[in-house]
Structure formats: C-alpha cells, structure tokens
Amino acid sequence: MLKSNYIGQLLSQIQSDERLGIAPTKNPQRIIVDYPSPNVAKEMHVGHLRSAIIGECLSRILEFIGHDVLRISHIGDWGTPFGMLIAYLKEAYPEALTASKNLNLGELSTFYRQAKKRFDEDESFQNASRQAVVELQTGDEETIKAWKIVCELSSRSYRQIYDLMGLSSIVERGESFYNPFLAETLQELDRLGLLETSEGAMCVFLEGFTNRDGDSLPLIVKKSDGGYNYATTDLAAIRYRVREDKAQRVIYPVGSEQNNHFTQIFQVGRRAGWITDEHDFVHAEFGLILGEDGKKLKTRSGEAIRLKDLLDEAIARVRTDLATRFAAEERTESQEFIDNSAQVIGISAVKYADLSQNRTSDYRFSYDKMLDLKGNTAPYLLYAYVRVQGISRKGSIDFQQLGNANVVLAETTELALAKHILQLAEILQDVERDLLPNRICLYLFELSQKFNQFYDQCPILQADEPQRTSRLILADLTARTIKLGLSLLGINVLERM
RNA sequence: GGGCGAGUAGCUCAGUGGAUUAGAGCAUUUGGCUACGAACCAAAAGGUCAGGGGUUCAAAUCCCUUCUCGCUCACCA
C-alpha cells in the first residue's frame with residue numbers, strides 16, 4: 001500500500017511533464033549517424049530499408065536523450081559509375097544534360113543499366129567513361145554541369161521516399177565531398193609509415209586479417225590504375241568527422257555483410273590516430289531481410305525490390321483491410337481519412353516489424369505478420385493509443401485539464417500499468433548504450449498489453465471520484481508514453497483508426 | 001580453409017553484467033460484448049534452449065569441441 005502510494009505520486013509528478021519525467025543527459029555528445037547511401041542515378045531499393053529505419057530511430061532516440069545528432073547520407077555520387085553514365089548520356093541522350101526536367105529517375109536508372117552494359121562490352125566506351133571521370137575530377141565545366149543535373153534529379157527522388165517514410169532532414173554529403181581530401185588523407189597515412197605498395201596498389205596492411213596462405217591482408221586505398229575506392233572515401237570521412245565535425249560518436253547502421261570493411265577502416269583510423277579513446281566509432285550492424293522462403297528478399301526475377309514499391313504495397317494492403325473492416329462495421333469514412341490511415345499504418349507496420357526484431361539478426365519480411373492487428377505489431381500499439389483517445393471523445397475529456405490530481409492505485413492491473421509506465425527512462429538508457437531499438441518495442445508492446453488488461457478490468461468514465469480522475473490520468477499517461485515511444489521509433493500515431 | 005554471425009514451442013522471435021517450475025506473439029482448443037472501440041481480454045496445450053564435454057552452489061547465458069545454416073575473404077560499393 002505504501003508502495004502504491006509512492007508510485008502514484010511519481011505518476012502525478014510526470015503528468016505535467018512533456019518529457020514524462022525523463023531528464024536529458026548531463027553529458028551531451030556530438031554524434032553522427034550514417035543514413036542510407038544510395039547510388040546516384042539508381043533508385044532506392046530494399047537494401048536501403050533497414051539503414052533508413054534504424055538510422056532514423058537511433059537518431060531520434062539520441063536526440064531525445066539530449067545529444068547533438070548529425071544525420072549524414074554518404075551517397076555514391078562519384079567515380080567510375082558516374083563517368084559511365086555521363087559518357088553514355090553525352091552520346092545517347094545529350095539533351096538530358098541540359099534540361100533536367102525532361103528526365104525522371106526511372107529513366108535515368110534505365111540509362112545507367114544501358115551504360116553499364118556498354119561499359120562491359122565496348123572498350124572504346126570504357127575509355128570515354130574514364131575520360132569523363134578525369135573531366136569530372138579536373139572540374140571540366142560541362143561535365144560538372146551534367147553531374148549536378150544528375151545529382152539534383154536523384155536527390156529529389158530520394159526526398160520523396162524520405163518524406164513518405166517520415167525521415168528527418170538529412171545532410172547529403174556524398175563521396176564527391178571527400179574528393180578534395182583523399183590525397184592528403186593518403187599522404188598522412190604515408191607519413192605515419194602505414195602505406196605500402198603491393199601489386200601496383202597502395203595499401204595498408206591489416207593486423208589480424210590474413211588470406212588462405214596466412215599472409216596479412218591489405219586494405220587497398222589507391223588502386224593500381226590510380227583510382228580511389230570505397231575504403232579511401234570512408235577513411236577520409238573518418239578523418240573529417242573527427243577533425244572538422246568534432247564527432248565523439250559515429251554510428252554506421254549498415255548490414256552485417258560489411259562487418260569486415262568496418263573493422264578494417266576503424267583499425268586503420270585508429271592506427272592513423274584519427275580515432276582515439278575519446279571517440280566511439282560503431283558499426284551498428286544489422287541482418288538481412290529475408291523473404292517468405294527464408295532467402296534474401298528480392299523480386300521474382302531476382303532483382304532488388306524498389307523501396308517505393310515495397311512501401312506502396314504495405315499501404316495498399318492496409319487500404320484494402322480498412323475498406324472491408326469499415327464495410328463490415330457499416331462505418332462511413334472519407335477517402336481522405338482512409339488514405340491517411342492507410343499510409344500511417346502501412347509505413348508504421350513496416351518500420352515496427354523491422355525495429356521490433358533484434359537488430360543483429362536476419363528477419364523474415366511478411367506483410368501478413370506486420371499488418372496483423374494482434375501481437376507485437378504496430379497496429380496493436382496504435383489501437384491501444386486510439387482506445388485512450390476514444391475515452392476522451394466519449395467523455396468529452398480534455399486530458400490537459402485534469403490537473404495534478406492524486407493517482408490512486410488499488411487494482412492489480414492499475415498498479416502493474418503504473419509501474420510499467422515509469423520504466424521508460426531505464427529502457428532508453430539501455431538503448432543508448434546498446435543501440436538495440438527492439439527493447440523499446442518490447443516495452444511498448446508490454447505497456448499496451450497492460451493497458452488493455454487495465455481497460456478490461458477497470459471502468460474509467462463510469463468510476464466514482466477520485467478513482468475516475470486517477471484512471472483518466474493513468475490512461476492519458478499510457479497514451480502519451482506510447483506516442484513518445486513510437487515517435488522515438490520514427491512512427492506516428494492516429495487519433496482514430 | 002580463415003574470419004564473423006546464427007541454431008530456444010508447429011511458425012516468427014525475446015532472453016547479451018549466470019539465479020526460483022525457460023518467456024512472448026501467431027497458429028490450435030475453450031470461455032467472455034444489455035460496460036468507456038471485442039482491432040480487446042481470460043484460460044488450456046505446446047520446449048532434452050542443435051549435440052557432447054567443462055567451469056560453478058547455480059549455465060540458453062561463460063570456456064572447449066562437433067554438426068548444420070548464413071555472410072564474408074586484395075584493387076565493387
């Protein structure tokens with residue numbers, strides 16, 4: 001009894017707090033979170049889904065905790081593929097390079113595929129492509145202009161997807177950004193005695209990585225043809241993020257198949273003295289998205305699924321579900337309401353299905369499961385929230401006007417719910433440390449379950465005072481906790497559904 | 001062959017400072033709307049935690065080993 005009084009007091013205290021009693025950190029850091037890095041001229045696909053969802057989620061959590069978060073997309077906007085594309089456009093579709101409005105990204109990616117084909121087949125075209133790269137690097141005006149048009153076009157298309165997914169604004173800092181720093185990055189490695197030449201390529205030999213014969217393995221930072229590669233840009237980025245951005249923590253939500261790559265560049269960054277004990281560079285690796293067959297998700301023809309298609313499919317399925325549900329309940333809702341609900345629920349379901357799984361393991365992508373109204377899914381949580389709002393509508397209650405009334409906890413379901421509400425702060429601490437958002441999902445799912453049990457057992461609007469107000473506060477706090485928790489996952493709520 | 005990761009209920013998964021009879025959800029069976037939205041709740045059933053060793057008063061968890069699966073191993077990103 002004493003204990004339940006104390007818990008009731010704690011709830012009364014957080015009731016007037018927008019942050020629900022969660023104090024910001026006393027040690028704010030500057031943190032960089034990597035966002036998906038699509039290649040310019042190619043459409044975003046399923047391979048970008050997890051890093052978008054996880055990156056956004058981690059960013060929001062860290063920001064809420066009080067850190068200064070910089071979201072950066074390391075887009076592929078430089079190098080041979082670019083030369084290829086520009087060479088091809090100059091030859092086959094020159095007008096595209098003067099008027100950007102004529103092209104959309106779909107067409108551009110078609111051109112890209114054609115360019116790739118020609119590149120593989122035609123030697124003279126290879127030379128033209130390399131020439132275009134050279135022109136790009138030397139700043140040839142016409143080539144740069146073409147490059148900008150292509151980048152802008154791609155960028156616009158990405159923003160549409162980001163908007164649909166509800167991602168925050170992102171700084172696009174592509175590979176081209178680091179171009180001016182590549183040479184000096186290598187010079188620095190050279191000065192430190194880390195650079196060696198092997199088979200014509202410049203490399204840093206790695207500690208702890210060997211090939212079949214037991215020889216130590218190199219990280220190639222300048223190819224034998226003189227070109228730079230992925231590792232070079234990433235090293236330049238590490239250096240820049242430490243020195244210029246003053247980042248204390250850098251998080252890369254990238255698939256676990258790139259585990260070696262990150263271990264390697266972090267090692268080199270450390271040996272170069274860029275990464276010190278004051279810096280925390282983390283590869284927040286994640287597993288594959290598998291199809292129903294348990295194999296890596298892709299289209300029937302074996303290609304990567306376009307992100308837009310995947311999201312649209314989720315939304316379309318919700319729309320159908322809603323239509324049949326409303327028909328069955330003889331509810332009439334506006335088209336606008338249905339469209340909006342379908343979009344929020346569809347996107348939420350995709351995100352939640354991803355985040356509710358342990359980040360490091362593979363997971364099976366199933367529309368049926370993620371859109372299920374029961375179980376640990378977005379719709380279940382959204383429904384719990386909607387139930388509370390339903391109370392407000394039914395009883396004409398303005399939760400903000402409840403004041404700081406006492407919360408009295410007599411029933412076991414009330415006490416269980418109350419205790420659970422107070423645990424969010426602790427969960428967030430764990431997630432800040434381990435970067436595993438599924439713990440928030442589990443927390444919110446259990447919160448919703450406990451709310452539903454409470455709702456089932458305890459009348460609210462028909463209760464006598466002071467229980468009535470107390471229960472209203474409990475319901476309101478539940479809803480606000482769900483709303484806050486979901487917003488940290490990058491998910492919006494609905495007032496009705 | 002080397003490195004990394006995984007193997008927990010029929011299915012999808014939690015469980016990552018070792019501690020009472022291993023937890024959810026889905027599916028299955030059963031019960032609950034003349035109560036605030038039943039898109040809910042309650043109950044039942046279901047597991048030699050891949051196999052084998054070891055450390056410990058105590059192991060799904062730590063160590064060793066075997067098997068199975070996935071990812072990856074110098075000029076792609």
I'd like the [atom1] distance from [M] over to [N], given in whole Å.
N	M	atom1	value
B:rU28	B:rC11	P	16 Å
B:rG37	B:rU29	P	30 Å
B:rG31	B:rA38	C1'	13 Å
B:rU21	B:rC49	P	14 Å
B:rC41	B:rG3	P	48 Å
B:rU12	B:rG53	C1'	32 Å
B:rU61	B:rA22	P	14 Å
B:rU68	B:rG52	C1'	15 Å

Choose from [options] the nucleotide whose nearest atom is closest to any side-chain atom of [X].
X	options	value
A:Ile220	B:rA74, B:rA77, B:rG32	B:rA74
A:Gln462	B:rA35, B:rA39, B:rG70	B:rA35
A:Asn229	B:rA77, B:rC75, B:rC36	B:rA77
A:Tyr230	B:rA77, B:rC71, B:rA42	B:rA77
A:Gln357	B:rA35, B:rU72, B:rU12	B:rU12
A:Lys394	B:rC76, B:rC71, B:rG37	B:rG37
A:Glu329	B:rA39, B:rG70, B:rA77	B:rA39

Would you please test A:Asp77 and A:Ser176 for side chain to side chain donor-acceptor pair (under 3.5 Å) and show each step?
CA-CA 6 Å; A:Asp77 63 354; A:Ser176 62; 2.7 Å; yes
Partner lookup for [N], please. Criteria are Watson-Crick or G-U wobble with both distances under 3.5 angstrom; report none if nothing qualifies.
N	result
B:rG1	B:rC73
B:rC57	none
B:rC67	B:rG7
B:rA42	B:rU30

Side chain to side chain donor-acceptor pair (under 3.5 Å) pairs, two or more places apart, involving residues 192-202 of chain A:
none
Base, sugar-phosphate alone, or nothing: which one does [X] contact when heavy atoms must sit under 4.0 Å apart?
X	result
A:Val386	base
A:Cys458	base
A:Leu382	nothing
A:Arg331	base
A:Ser224	base
A:Ser198	base
A:Glu285	nothing
A:Ile460	base
A:Pro459	base
A:Arg433	nothing

Starting at [atom1] of [X] and ending at [atom2] of [N], how long is that distance when rounded to a whole Å?
X	N	atom1	atom2	result
A:Asn438	B:rC13	CG	C1'	10 Å
A:Leu373	B:rG37	CG	P	18 Å
A:Met497	B:rA38	CE	P	13 Å
A:Leu195	B:rC75	CG	P	17 Å
A:Phe262	B:rG5	CZ	P	17 Å
A:Asn260	B:rG3	CG	P	12 Å
A:Ile265	B:rA77	CD1	P	13 Å
A:Gln264	B:rU72	CD	P	14 Å

On the nucleotide [N], are OP1 or OP2 found under 4.0 Å from the side-chain N or O atoms that [X] carries?
X	N	value
A:Lys295	B:rC69	no
A:Tyr380	B:rC41	yes
A:Arg387	B:rG37	no
A:Gln453	B:rA42	yes
A:Asn358	B:rU16	no

Heavy-atom side-chain proximity of A:Phe399 to A:Leu402 below 4.5 angstrom:
yes
Could you tell me whether the side chain of A:Arg471 reaches within less than 4.5 Å of the side chain of A:Phe454, counting heavy atoms only?
yes
Could you check whether the rings of [X] and [Y] sit parallel, tilted or perpendicular, using 30° and 60° as the cut-offs?
X	Y	value
A:Phe262	A:Tyr252	tilted
A:Phe337	A:Phe326	tilted
A:Phe365	A:Tyr367	perpendicular
A:Phe181	A:Tyr240	tilted

Nucleotide by nucleotide, 5' to 3', does protein get under 4.0 Å of the base (B), only the sugar-phosphate (S), or neither (-) in nucleotides 19-31 of chain B, counting heavy atoms?
-----SSSS----
Kindly indicate whether the side chain of A:Asp434 and the base of B:rU16 share any N or O donor-acceptor pair separated by less than 3.5 Å?
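By the distance-only test, no, there is no pair.
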Base of B:rA77 paired with side chain of A:Glu175 (donor-acceptor, under 3.5 Å):
no
Ignoring hydrogens and angles, state whether a donor on the side chain of A:Asn452 or A:Tyr380 is under 3.5 Å from an acceptor on the partner side chain.
yes
With distance as the sole criterion, is a donor-acceptor pair present between the side chains of A:Thr232 and A:Asn229 under 3.5 Å?
yes
Is the charged tip of A:Arg387 near the ring of A:Phe451: under 6.0 Å from the six-membered ring centre and within 45° of its axis?
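Because its charged atom misses either the 6.0 Å distance or the 45° angle limit, A:Arg387 does not stack over A:Phe451.
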Nearest heavy atom decides the nucleotide; on that basis, is A:Thr210 or A:Ala231 closer to the 5' end of RNA chain B?
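Checking each residue's closest nucleotide, the 5'-ward one belongs to A:Thr210.
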Quick one: on RNA chain B, does A:Asn452 or A:Leu461 contact a more 5' nucleotide (nearest heavy atom)?
A:Leu461
Residue among A:Ile289, A:Leu310, A:Leu49 satisfying side-chain contact (heavy atoms from CB on, under 4.5 Å) with A:Ile305
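Checked A:Ile289, A:Leu310, A:Leu49 against A:Ile305; only one passes side-chain contact (heavy atoms from CB on, under 4.5 Å): A:Leu310.
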